[in-house]
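One structure is given here, and the rest of the page talks about it.
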Amino acid sequence: MPYPLTRARRLRLSEGIRAMVRETHLTPDRLLYPMFVCPGEGVSVEISSMPGNYQRSIDKLVEEARSVRGLGIRGIILFGIPASKDEQATSAHDDRGIIQEAVRAIKREVKDLLVITDVCLCEYTSHGHCGLVRGSEIRNDATIDLLAKVALSHVRAGADIVAPSDMMDGRVAAVRNLLEKSGHHNIPIISYAVKYASAFFGPFREAAESAPAFGDRRTYQMDPANAREAIREAEQDIEEGADILMVAPAGPCLDIIRILRDRFPHPIAAFQASGEYAALVAASRLHWLDLQRVMIEALIGIRRAGADIVATYFAREAAQLLS
Ligand code: PBG
Ligand code: ZN
């Protein structure tokens, strides 16, 4: 219909009408809050490249978890900073390890909060790679057996959901099979099905103290130039027993989120990475951007692209703003 019969502005002229025709909504129950737990007591160290996010000891972590649950956030993703690292990532599957103790404490102290654990080796290996290393090779098959053990130890401690993030082939099947064999039939797996070798993960390596000592992650994480490959990764993970597919990073991969949304009926999650957070916070500190507005716009964009669930370091602030 030509102008003036059609005037797009008719539906924009008041907040009332804008709200009535709004297509996408952001609510706290769509957000997952990533958190870092470290040894000690009373520890709360701000991550310099991620202002507003902290490495916390278990007591502080529990406090923060309770507080964000109060804001309507239903789930957290836990990353651990262990007391010791070695070549074999021994501390990753220790029943008394940092994640295992943290999960136990949160499940004991905080009601109705989903505790999701990131399952990877990079925070626990002395070399900082997501898999076991022989020479300069990142070993696939030995790694997935170990990852399954890590996931099982998280579940034994009380984790509600596990999220393998290592990008080894076959790891979802390895985790799923060991959980089934061990009687844990009802633990959802959020697989980082599509995870790119992204520079937007930069600040995370400071936060988790997990920068690779040599080389980079390009032999296991995906080439950011590839989209069709994302479909293959997603299909594979579904076949292996994943319940929810995650894409990381989020903002640079909105097309990928949309492709998965249109192609698979599964719930889709997106991880707004540490660097996406850092960039917006940094620009706002220079008074170049309005942080509240760019934060909501970025999160809405990720939802509009097709993500059901958004993992974001802005979760606390966004939930506060939305309530
Ligand atoms: C661990 C892991 C990473 C992220 C999620 N799980 C880092 C990486 O793979 O280098 C990305 C998180 C972020 O940047 O916020 N493998
Ligand atoms: Zn890793």
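Just so you know, ligand 1 is whichever comes first in the structure, and atom 1 is the first atom listed for that ligand. The chain is numbered in sequence order, starting from 1.
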- [ ] To 10°, measure the SG(C130)-the Zn ion (ligand 2)-SG(C120) angle for me.
- [x]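 Value, to the nearest 10 degrees: 100°.
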Return the residue, atom name and 0.1 Å-rounded distance of the protein heavy atom closest to [atom].
atom                    : result
atom 9 (O) of ligand 1  : K195 NZ, 2.5 Å
atom 12 (C) of ligand 1 : F204 CD1, 3.4 Å
atom 1 (C) of ligand 1  : S165 OG, 3.4 Å

Please state which part of [X] comes within less than 4.0 Å of ligand 1, counting heavy atoms only: side chain, backbone, both or neither.
X    : result
S274 : both
C122 : side chain
C130 : side chain

- [ ] Please state whether Y277 comes within less than 4.0 angstrom of ligand 1, counting heavy atoms only.
- [x]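 Contact check Y277 vs ligand 1: negative.
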Open item on the list: For Q272, state whether at least one heavy atom is located under 4.0 Å from any atom of ligand 1.
Closed with: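 Contact absent.
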TODO: Establish, yes or no, whether a centroid distance under 6.0 Å links the rings of Y277 and F204.
DONE: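 Ring-ring flag for Y277/F204: false, centres at least 6.0 Å apart.
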Task: N or O contact, Y313 vs ligand 1, cut-off under 3.5 Å - done: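 The answer is yes, given that Y313 and ligand 1 share an N or O pair closer than 3.5 Å.
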Task: Atoms of ligand 1, numbered as shown, that sit under 4.0 Å from any heavy atom of R217 - done: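 Selected atoms, number and element: 8 (C), 9 (O), 10 (O).
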